[in-house]
Amino acid sequence: MRVNVTVNGEHRRADHVWEGESLLYLLRERLGLPGAKNACEQGECGSCTVYLDGVPACACLVAAGQAEGREVRTVEGLADGDELDPVQESFVERGAVQCGFCTPGLLVAAHDLIERNHQPSDAEIREALAGNLCRCTGYEKILDAVRLAAARKVEAAQ
Amino acid sequence: MSTPIPTRSPQELDDTITGGIGESPLRPDGVLKVRGEFAYSSDLWHEDMLWGATLRSPHPHALITGIDTAAALAVPGVHAVLTHEDVPGENVYGLKYQDTPALAADRVRYQGEPVAILAADHPEIARQALKEIVVHYAVLEPITDPERAAHDTTLPKLHPDGNLVRYQRIVRGDPDAEADVVVSGVYEIGMQDQAFLGPESGLAIPAEDGGVDLYLATQWLHVDQRQTAKALGLPLEKVRLTLSGVGGAFGGREDLSMQIHSCLLALRTGRPVKMVYNREESFFGHVHRHPAKMYYEHGATKDGDLVYVRARMYFDGGAYASKTPVVVGNGTTLSVGPYNVPNAKIEGWGVYSNNPTCGAMRGLGAVQPTYAYESQMDKLAAALGMDPADLRIRNAMSEGSANVTGQVIDFPAPVAELVQRVKDMPLPPENRTSPVDIRELPGGASNTTHGEGVVRGIGYGVTIKNISYAEGLDDYSTARVRLELLGGEPVAMVHTAAAEVGQGLVTLQQQIARTELGVPRVTVPPADTGVGDAGSSSASRQTYITGGAVRNACRAVADRVFARAARQLGRSPEGMALSGGKLVASDGEVLAGLADILGDEAIEETREYHHRPTYPLDPETGQGDAHVQYGFSAHRAVVDVDTELGLVKVVQLDCAQDVGKAMNPDAVIAQIQGGSAQGLGLAVMEEIQVRDGKVRNPSFTDYLIPTVLDMPPMRIDVLERADPHAPYGVRGVGEPPTISATPAIANAIRAATGLELPRVPIRPEHITGT
């Protein structure tokens with residue numbers, strides 16, 4: 001089948017998509033956007049989190065055909081050209097990235113949290129990121145990064 | 001060489017970041033990673049590539065009586081189906097013993113063993129075609145009890161020499177010593193998984209010279225190259241490996257997974273072949289941490305001085321040897337912990353069974369005994385009526401102590417200080433009187449308690465871990481350093497084959513070169529087999545060993561700069577140094593710009609670093625200077641336990657560790673935090689559950705790793721007691737925090753509940769007794 005989807009603001013078309021393919025496969029293998037990661041492909045680890053019509057979703061759990069006509073924003077679409085989003089900047093600065101495999105999914109989840117809630121408490125950050133597994137960092141530096149990104153967002157809004 | 005390289009191949013890292021040794025510069029791969037542009041091995045892509053897939057045994061133990069691949073080969077879109085008969089070289093590999101078939105021939109020894117492989121146009125076609133391969137099995141009774149495997153000679157032999165991989169005995173002082181106070185226990189530890197997030201994956205591209213280029217995630221390129229080339233029947237230089245992005249490792253990428261298979265398929269089809277395991281396959285496709293059963297007896301004086309330790313421990317290595325010999329070596333030599341023990345009798349067995357194969361995982365061979373002896377230390381403290389931390393401090397080894405193998409510790413060993421430091425850290429408030437945020441309680445937002453039935457406990461865990469390879473192995477690394485002018489600016493390039501698996505080695509290589517050569521810009525090309533062996537990114541050894549090699553190569557380059565400058569300036573090279581892109585004299589006088597000395601002629605040097613020799617253990621007494629260095633860490637855990645539901649919330653987890661020299665302090669803290677999380681996982685949730693040789697939970701739904709809700713805040717205290725024998729005084733950092741976190745949490749749960757809890761992970765039913 002053919003799938004039309006808007007990805008990071010750009011209209012994309014994929015032909016000969018097999019009905020069983022996931023949105024994650026479509027993005028990674030057909031559209032050349034490997035930022036969303038394939039760690040469990042079962043919706044458990046959050047590594048493939050993308051925005052689907054503005055709502056975070058595990059791309060591995062969405063059939064490619066379900067994305068027809070919809071808007072997807074991936075980690076590749078967070079930065080504004082060369083300028084990183086504050087949440088990306090904070091992850092780099094606070095050492096929240098080690099192997100980095102969980103990072104794209106965490107960034108989308110954290111970005112969504114901060115968009116919704118400019119001043120999240122620690123408990124709220126933990127709750128928002130509870131669906132994203134990280135095996136390297138022990139999470140403390142990720143929490144630091146999200147706190148910093150939120151502070152910067154507030155600062156930028158003022 | 002005109003072999004094409006894959007799209008999304010390893011990228012150039014940022015060479016504009018600054019900062020030398022002892023600072024915490026940013027990662028040069030950080031921006032690529034947050035932009036989603038860093039190419040991990042599962043992201044590799046090539047026009048015309050095929051997808052490889054693996055058929056695995058459903059049985060833990062069976063004879064193969066026939067394989068029919070015709071139907072699979074007839075599936076449209078399938079390009080090759082291969083079995084053991086298609087392995088052109090030796091169909092056997094292994095890290096220590098050559099006992100593992102690349103593809104099973106006449107027998108399978110574990111559930112998930114690779115039997116056949118195929119390549120197809122689409123991953124789904126590949127998966128469907130696997131079902132068309134017909135394998136005839138004669139199912140056999142699996143051997144699943146490691147103690148029986150060690151002693152029962154009537155069991156069938158899984159390998160020609162039987163079912164014992166290694167037996168090691170250590171006898172020190174009087175093995176039959178007696179003591180006033182004696183405690184004993186039997187401890188078990190479940191099978192933990194590395195659970196790295198990036199799946200086993202890579203892309204093999206056939207080359208025009210009849211060889212193959214393999215882009216992959218691994219921990220040790222050269223050992224993969226040697227094993228793969230042997231199976232392919234090719235000379236080493238025709239099997240070239242390049243590291244692509246590695247999504248975590250933790251020991252799980254030391255053994256081969258898809259290396260031989262992808263190359264076989266690429267060479268057979270003449271097309272690039274990509275292989276990516278899904279999560280379930282990943283659980284079958286790599287080795288795990290050895291489960292163990294350990295019998296311990298400690299004897300002490302009434303005052304609390306250790307008199308003896310006697311222990312017997314069984315390590316289940318599963319179907320193939322992998323790192324089992326090393327686990328037995330580490331397990332026995334580290335069996336009494338960081339304590340002075342005059343008398344000991346220790347025995348360790350590592351065995352073959354039909355359980356999943358076990359090999360390297362963070363804390364290799366030290367995790368198991370540490371859990372046991374630290375449980376014993378609390379039991380002993382209770383028997384003596386002593387404070388558990390004070391008992392540990394009283395018996396702590398220090399510089400000049402001899403360990404259980406008779407090796408004298410000739411470098412700092414501040415064990416007592418580490419324990420004292422975690423003991424002195426402030427405790428979290430009890431927080432039970434005011435209205436409680438239920439998210440902070442066991443069960444969290446599931447709203448299972450508002451504090452009733454919740455008890456708090458405090459526990460300690462202390463460990464000693466050997467750093468780098470041991471028992472006489474010549475462990476080394478190679479670095480090539482080049483200094484040249486690029487755009488008029490001096491730039492250093494550091495090329496090694498050392499694997500960056502997330503720990504920050506690329507950052508460190510830049511830091512060392514910037515410090516040694518006094519240049520701000522350092523490039524680090526992808527690690528590959530085009531430069532000498534760097535050994536494995538494991539055993540907490542890379543900062544020490546590859547760091548040493550980079551230092552040596554930089555200093556050799558600097559010496560040539562000095563010699564050249566001496567000729568040009570007509571003065572002695574004595575006292576010259578490089579700093580801030582300039583050549584300076586010992587009194588700080590600027591002699592010349594580095595650019596002027598270098599001119600158009602680059603300087604390149606390749607150097608190795610070998611650590612000082614170690615020696616094998618005496619086979620009878622187990623005595624010997626087996627290890628080159630040790631790392632030490634101490635944890636204190638505070639837990640809340642819901643005794644009615646058996647739920648545990650780790651409230652706080654504090655750590656003190658000696659790192660010799662914090663080369664990158666932020667990265668050191670990150671290693672301690674991440675390592676502690678893995679230790680927490682083993683204490684309360686992580687286990688591959690195996691019954692009758694079959695894995696029952698090969699998914700992230702059922703194999704639980706800690707989330708951000710499970711990890712508590714940590715206080716971390718880093719000591720820097722330089723090791724005079726190590727480059728820059730460094731001490732391996734990565735493993736100790738994983739090891740000591742587990743017993744600290746287990747001891748805290750015991751303190752809270754008063755239960756024996758002789759097995760980790762501690763599950764709710766162990767606490768509720770249901």
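Labels below follow one simple rule: chain letters A, B, ... track the order of the sequence lines, proteins then strands, and each chain is numbered from 1. Note that the structure is a prediction, hence the values are computed from the model and not measured.
Interface remark: Leu133(A) contributes backbone and side-chain atoms alike to the contact with chain B (heavy atom separation under 4.5 Å). Both the backbone and the side chain of Pro713(B) come within contact range of chain A, judged by heavy atoms closer than 4.5 Å. Neither the backbone nor the side chain of Glu89(A) comes within contact range of chain B; no heavy atom of the residue lies under 4.5 Å from a heavy atom of that chain. Proximity to chain B is limited to the side chain of Lys37(A), based on heavy atoms less than 4.5 angstrom apart. If you measure heavy-atom distances from Glu124(B) to chain A, the contacts under 4.5 Å come from the side chain alone. Both the backbone and the side chain of Ala130(A) have a heavy atom closer than 4.5 Å to some heavy atom of chain B. If you measure heavy-atom distances from Ser676(B) to chain A, you find no contacts under 4.5 Å at all. Contacts between Glu500(B) and chain A at a heavy-atom distance below 4.5 Å are absent for every atom of the residue. Only the side chain of Leu143(A) has a heavy atom closer than 4.5 Å to any heavy atom of chain B. Both the backbone and the side chain of Gln88(A) have a heavy atom closer than 4.5 Å to some heavy atom of chain B. Contact of Thr103(A) with chain B is made through the side chain alone, with heavy-atom distances under 4.5 Å. The part of Arg439(B) that comes within reach of chain A is its side chain, from C-beta onward, which places non-hydrogen atoms under 4.5 angstrom from that chain. In this structure, the portions of Ile705(B) lying under 4.5 Å from any heavy atom of chain A include both its backbone and its side chain. Looking at Tyr277(B), neither its backbone nor its side chain comes within 4.5 Å of chain A, counting heavy atoms on both sides.
In this model, a donor atom of one side chain and an acceptor atom of the other lie less than 3.5 Å apart for Gln542(B) and Ser537(B). Side-chain contact, Arg362(B) with Thr738(B): a donor N or O sits under 3.5 Å from an acceptor N or O.
If you tally non-hydrogen atom pairs under 4.5 Å between each of Ala677(B), Gly30(B), Gly247(B) and chain A, the highest count goes to Gly247(B). In terms of heavy-atom pairs under 4.5 Å with chain B, the best-connected choice from Gly35(A), Cys45(A), Cys134(A), Cys99(A) is Cys99(A). Residue with the most contacts toward chain A among Val31(B), Asn278(B), Asp29(B), Ile672(B): Val31(B) (heavy-atom pairs, distance under 4.5 Å). Contact count against chain B (heavy-atom pairs under 4.5 Å) is highest for Cys40(A) among Cys40(A), Gly43(A), Ala36(A).
Here the shortest heavy-atom pairing between Cys60(A) and Gln42(A) reads SG-N, 3.6 Å.
Between Lys153(A) and the choices Glu115(A), Gln119(A), His118(A), Gln158(A), the side chain to side chain donor-acceptor pair (under 3.5 Å) rule is met once, by Glu115(A).
At a threshold of 4.5 Å between non-hydrogen side-chain atoms, the residues Met275(B) and Trp51(B) do not count as touching. Side chains of Pro199(B) and Phe101(A) form a contact here, defined as non-hydrogen atoms less than 4.5 Å apart.
In the displayed structure, Asp82(A) atom CG is contacted under 6.0 Å by at most 12 heavy atoms of other residues, nucleotides or ligands.
Salt bridge present: Asp144(A) and Arg147(A) bring a charged side-chain N and a carboxylate O closer than 4.0 Å. Salt-bridge check for Lys274(B) with Glu29(A): passed, with a basic side-chain N closer than 4.0 Å to an acidic carboxylate O.
The aromatic ring centroids of Tyr25(A) and His122(B) lie less than 6.0 Å from each other. Proximity of the aromatic rings of Phe283(B) and His288(B) is defined here by a centroid distance below 6.0 angstrom, and this criterion is not met.
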